[in-house]
Amino acid sequence: LMPVMEFEGNDSWGYNGVFMMAPDKYYGPKNELKRLVDSCHAHGIAVILDIALNHQFGQSPMVRMYFDASLGQWGQPTAQSPWFNQVAKHDFNVGYDFNHESLATKYFTKKIIGHWLTEYKIDGYRFDLSKGFTQKNTLGNTAAWGQYDQTRINIWLDYTSHMWSIDSTAYVILEHFAENSEETVLSNNKMMLWGNMNYA
């Protein structure tokens with residue numbers, strides 16, 4: 001499933017999330033989503049949930065609590081935000097960039113991961129823009145963003161360890177597109193990665 005979490009506006013693919021533990025009003029009541037998952041399972045179909053945890057959008061209460069609106073229409077998070085970088089660390093960010101080295105962000109992310117596994121019984125995740133889970137500043141240098149990053153690997157090892165402590169069979173699919181040496185480490189730790197074959 002594409003991201004079903006509450007997003008900004010009434011019609012979206014779901015990558016502009018704001019309330020990460022609630023299904024969006026567009027999809028109907030939460031019990032209907034649970035019924036869909038149960039029905040899939042009854043027919044031998046696993047349910048993989050696409051999830052965007054690289055960023056949040058402006059209607060998120062977490063963004064608004066620590067926000068400097070004096071900087072014009074879009075503004076930015078303040079330096080006091082326990083969750084967000086003031087400025088994104090890479091060129092592909094949209095919305096407001098999570099700091100995945102922050103203890104507050106780690107706590108929040110793990111709560112979300114556990115919530116959908118237990119409350120909705122999904123079978124795993126396809127993590128959108130997983131290469132963005134880094135604090136290395138590569139703005140203006142996309143090639144540097146894709147280079148081997150041990151801190152990013154450590155973040156993913158931490159998140160997947162938590163996830164598999166809840167459900168040892170859960171699927172992890174990363175939209176990563178980093179240097180092969182980094183992807184090899186992740187795949188050796190049971191994470192699946194997209195082989196970027198769209199052009200081929």
Subject >> Approximate separation, where rounding is to 0.5 Å, of I155 CD1 and T109 OG1 >> reply: 9.5 Å
**OP:** Applying side-chain contact (heavy atoms from CB on, under 4.5 Å), name anything that partners Q86, two or more places apart in sequence or on another chain.
**Re:** Q76, A79
Original post:
Are more than 12 heavy atoms from other residues, nucleotides or ligands located less than 6.0 Å from atom CG of N188?
Top reply: yes
**OP:** Indicate the atoms forming the closest heavy-atom contact of P3 with G14, along with that distance.
**Re:** CB-O, 3.2 Å
**OP:** Of all the heavy-atom pairs spanning V185 and N189, show the shortest one and how long it is.
**Re:** O-ND2, 2.8 Å
**OP:** Without swapping roles, check the side chain of R126 against the backbone of I48 for a donor-acceptor pair under 3.5 Å.
**Re:** no
Original post:
Between the side chain of S39 and the main-chain N/O of R35, is any donor-acceptor distance below 3.5 Å?
Top reply: no
Subject >> Shared hydrophobic cluster, F67 / F19 (ILVMFWY, side-chain heavy atoms < 4.5 Å) >> reply: no
Original post:
Within the side chain of K131, is there an N or O that forms a donor-acceptor pair under 3.5 Å with the backbone of F177?
Top reply: yes
Original post:
Passes side-chain contact (heavy atoms from CB on, under 4.5 Å), I51 versus M5? Steps please.
Top reply: CA-CA 8 Å; I51 189 167; M5 299 81 182; 3.5 Å; yes
Original post:
Is any side-chain heavy atom of H41 less than 4.5 Å from a side-chain heavy atom of D123?
Top reply: yes
Original post:
For E8, what residues pass the salt bridge (charged side-chain N to carboxylate O under 4.0 Å, His left out) criterion, not counting sequence neighbours?
Top reply: none
Original post:
Between W156 and F133, does the ring centre distance come in under 6.0 Å?
Top reply: yes
Subject >> Under 3.5 Å donor-acceptor, N141 side chain and A144 backbone >> reply: yes
**OP:** Enter the distance from Y171:OH to K190:NZ here, rounded to the nearest 0.5 Å.
**Re:** 12.5 Å
Subject >> Residues which pass side-chain contact (heavy atoms from CB on, under 4.5 Å) with K110, listed by chain and number, not counting sequence neighbours >> reply: D158, Y159, H162
Original post:
Quick check: does any side chain N or O of Q135 sit under 3.5 Å from a backbone N or O of E101, one acting as donor and the other as acceptor?
Top reply: no
Original post:
Residues two or more places apart in sequence or in another chain: which of them pass side-chain contact (heavy atoms from CB on, under 4.5 Å) with K136?
Top reply: T134, D149, T151
Subject >> Residue pair V18 / S60: nearest heavy atoms and the distance that separates them >> reply: CG1-N, 3.6 Å
Original post:
Under the 3.5 angstrom rule, does the side chain of H55 hit a backbone N or O of Y96 as a donor-acceptor pair?
Top reply: no
**OP:** Please determine, by modelled atom types, if H176 and S130 share a side-chain donor-acceptor pair under 3.5 angstrom.
**Re:** yes
Subject >> pair F7-W13: side-chain heavy atoms closer than 4.5 Å >> reply: no
Original post:
Going by the angle between their ring planes, with limits at 30° and 60°, are F84 and F98 parallel, tilted or perpendicular?
Top reply: parallel
Original post:
In terms of heavy-atom contacts, does NZ of K111 have more than 12 from other residues, nucleotides or ligands at under 6.0 Å?
Top reply: no
Original post:
Which heavy atom in P23 sits nearest to a heavy atom in K30, and how many Å separate them?
Top reply: CG-CB, 3.7 Å
**OP:** Applying side-chain contact (heavy atoms from CB on, under 4.5 Å), name anything that partners S102, two or more places apart in sequence or on another chain.
**Re:** N99, A104, T105
**OP:** Look up atom OG1 in T138 and atom CG in D91, then write down how far apart they are to the nearest 0.5 Å.
**Re:** 6.5 Å
**OP:** Indicate whether any N or O donor in one side chain lies under 3.5 Å from an N or O acceptor in the other, for D128 and N54.
**Re:** no
Subject >> Distance (rounded to the nearest 0.5 Å) between T160 OG1 and L186 CG >> reply: 8.5 Å
Original post:
Do I122 and L117 come close enough that some side-chain heavy atom pair is under 4.5 Å?
Top reply: yes
Original post:
Hey, are the side chains of L53 and M20 touching, using non-hydrogen atoms and a 4.5 Å cut-off?
Top reply: yes
Original post:
Donor-acceptor pair, D68 side chain versus P77 backbone, under 3.5 Å?
Top reply: no
**OP:** With sequence neighbours excluded, give me every side chain to side chain donor-acceptor pair (under 3.5 Å) pair touching residues 17-29.
**Re:** E6-K25
Original post:
Any chance the side chains of Y15 and D50 put a donor and an acceptor closer than 3.5 Å?
Top reply: yes
Subject >> CG-CG distance between L1 and L33, expressed to the nearest 0.5 angstrom >> reply: 7.0 Å
Original post:
Do Q56 side-chain atoms and G95 backbone N/O form a donor-acceptor pair below 3.5 Å?
Top reply: no
Subject >> Donor-acceptor contact present, side-chain H90 to main-chain F92, <3.5 Å >> reply: yes
Original post:
How many angstroms lie between CD1 in I45 and CG in L36, if you round to the nearest 0.5 Å?
Top reply: 9.0 Å
**OP:** Would you indicate whether the side-chain heavy atoms of I153 and E183 approach each other to under 4.5 Å?
**Re:** no
Original post:
Does the side chain of I166 come within less than 4.5 Å of T118's, by heavy atoms?
Top reply: yes
Subject >> Heavy-atom donor-acceptor pair, K106 side chain to H100 backbone, under 3.5 Å >> reply: yes
**OP:** Flag the pair E182 / Y148 as yes when at least one side-chain heavy-atom distance between them is below 4.5 Å, and no otherwise.
**Re:** yes
Original post:
Do F108 and I112 come within less than 4.5 Å of each other through their side chains, counting heavy atoms only?
Top reply: yes
**OP:** May I ask you to check whether Y125 and W116 place their ring centers less than 6.0 Å from one another?
**Re:** no
